[in-house]
There are 2 protein chains.
Amino acid sequence: MTNQSIELDRVFRALADPARRAMVERLSRGPAPVSELARPLPMSLPSAMQHLAVLEAAGLVRSEKVGRVRTCAIAPEALSQVEQWINARRIEWERRLDRLGDYLQTLDSEGESNGPRD
Amino acid sequence: MTNQSIELDRVFRALADPARRAMVERLSRGPAPVSELARPLPMSLPSAMQHLAVLEAAGLVRSEKVGRVRTCAIAPEALSQVEQWINARRIEWERRLDRLGDYLQTLDSEGESNGPRD
DNA sequence: GTGATACTTAGTCACATGACTAACCAAAGC
DNA sequence: GCTTTGGTTAGTCATGTGACTAAGTATCAC
């Protein structure tokens with residue numbers, strides 16, 4: 001279990017909740033205080049704060065308190081990790097499908113000439 | 001709570017586990033029977049099957065049983081949903097940062113000419 | 001300095017998750 | 001046909017998650 005893997009765990013898990021995704025969506029459009037993030041959500045403020053804590057633990061959100069207001073902002077680096085993982089998978093299966101395509105085409109050519117043409 | 005959102009929940013949640021990601025990684029390289037997916041994992045076969053069920057419920061994996069062997073394959077469509085969501089967020093914050101950049105440049109120009117030049 | 005505002009902490013509770021063993025079913029192999 | 005193999009189901013259990021209320025702290029506005 002690498003550190004890499006544990007971070008991915010946290011990021012995927014953090015995004016696996018509509019309330020938390022709503023917060024990320026809001027923050028993608030600019031920084032906001034806790035109360036503004038919590039207001040649209042159908043839950044109490046403490047519950048919303050818990051979600052926020054999950055996002056911060058995953059590195060998706062940074063926040064800073066000034067006076068009595070905590071302002072939150074998105075931290076895009078964490079998302080790029082997810083993108084990289086997905087891209088790696090896509091590359092693997094596309095390469096495989098290419099090989100498969102080549103193979104099928106080979107079969108096809110062999111069919112035309114009624115045997116391999118080496 | 002849209003259907004879209006519920007699907008995203010399931011996909012993110014499914015990927016938030018190293019055992020399940022390992023299965024997806026394996027299947028990206030080609031189809032495999034249940035036992036091959038389970039073998040490298042540090043858990044019993046029934047536990048592995050449960051993980052597999054989560055992946056299937058999320059639409060990330062399809063499987064078909066022939067004889068006594070169930071062969072699993074990746075279903076790439078589900079992953080593209082995730083990609084789309086992440087891209088949408090990136091577009092939002094990049095647009096915002098562009099606007100911010102423009103604004104800062106405006107301030108800069110105003111500084112040079114010592115006032116707005118309209 | 002008193003009250004409202006903006007969080008924060010603590011404590012509780014229901015339910016979901018993820019692991020296990022044991023037992024079971026059905027197709028192969030001999 | 002009996003055994004092995006590959007998968008499945010059932011039932012149990014510990015832990016994690018996500019919600020709440022109540023109460024506390026630290027600013028800010030007057």
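Quick note on labels: first sequence line is chain A, next is B, and so on, each numbered from 1.
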Starting at CG of B:Leu52 and ending at P of D:dT9, how long is that distance when rounded to a whole Å?
12 Å
Euclidean distance, atom CG of residue B:Asp9 to atom P of D:dG18 [Å, nearest integer]:
11 Å
Does a nitrogen or oxygen in the side chain of A:Ser44 sit under 4.0 Å from OP1 or OP2 of D:dC20?
yes
D:dA26 P sits how many Å from A:Arg70 CZ, rounded?
14 Å
A:Leu45 atom CG is separated from D:dA19 atom P, nearest whole Å, by 13 Å
Is it the case that the side chain of A:Arg90 and the backbone of A:Trp85 share a donor-acceptor pair, with hydrogens and angles ignored and the cut-off at 3.5 Å?
no
Does the pair A:Met23 and A:Val61 meet the rule for a side chain to side chain contact (heavy atoms under 4.5 Å, CB included), with working shown?
CA-CA 9 Å; A:Met23 286 178 168; A:Val61 166; over 6 Å; no
Does a nitrogen or oxygen in the side chain of B:Lys65 sit under 4.0 Å from OP1 or OP2 of D:dG6?
no
Which of these, A:Ser47, A:Ser63, A:Cys72, sits in a side-chain contact (heavy atoms from CB on, under 4.5 Å) with A:Leu52?
A:Cys72
Please give, in whole Å, the distance from C:dT21 P to B:Met43 CE?
13 Å
Atom CE of A:Met49 and atom C1' of C:dT9 are separated, to the nearest Å, by 9 Å
Side-chain donor/acceptor of A:Arg99 to backbone N/O of A:Glu94, under 3.5 Å:
no
Answer with base, sugar-phosphate or nothing: what part of the nucleic acid does A:Arg20 contact at a heavy-atom distance below 4.0 Å?
sugar-phosphate
Looking at B:Ala32 and B:Leu27, what are the two nearest heavy atoms and their distance?
N-CD2, 3.8 Å
Look at the side chain of A:Val34 and decide which nucleotide, out of C:dA19, D:dC20, C:dT8, has an atom nearest to it.
C:dT8
Closest to the A:Pro46 side chain: C:dT9, D:dG6, C:dC7?
C:dT9
base_contact_polar (C:dA6 base, A:Arg68 side chain, donor-acceptor, <3.5 Å):
no
Does a side-chain N or O from B:Ser35 land closer than 4.0 Å to OP1 or OP2 of D:dG6, or not?
no
If you assign A:Val66 and A:Ala19 each to the DNA chain D nucleotide with the nearest heavy atom, which residue ends up on the more 5' nucleotide?
A:Ala19
For the pair made of CD in B:Gln50 and P in D:dG7, what is the distance, rounded to whole Å?
17 Å
Expressed as a whole number of angstroms, how long is the span from B:His51:NE2 to D:dG7:C1'?
17 Å
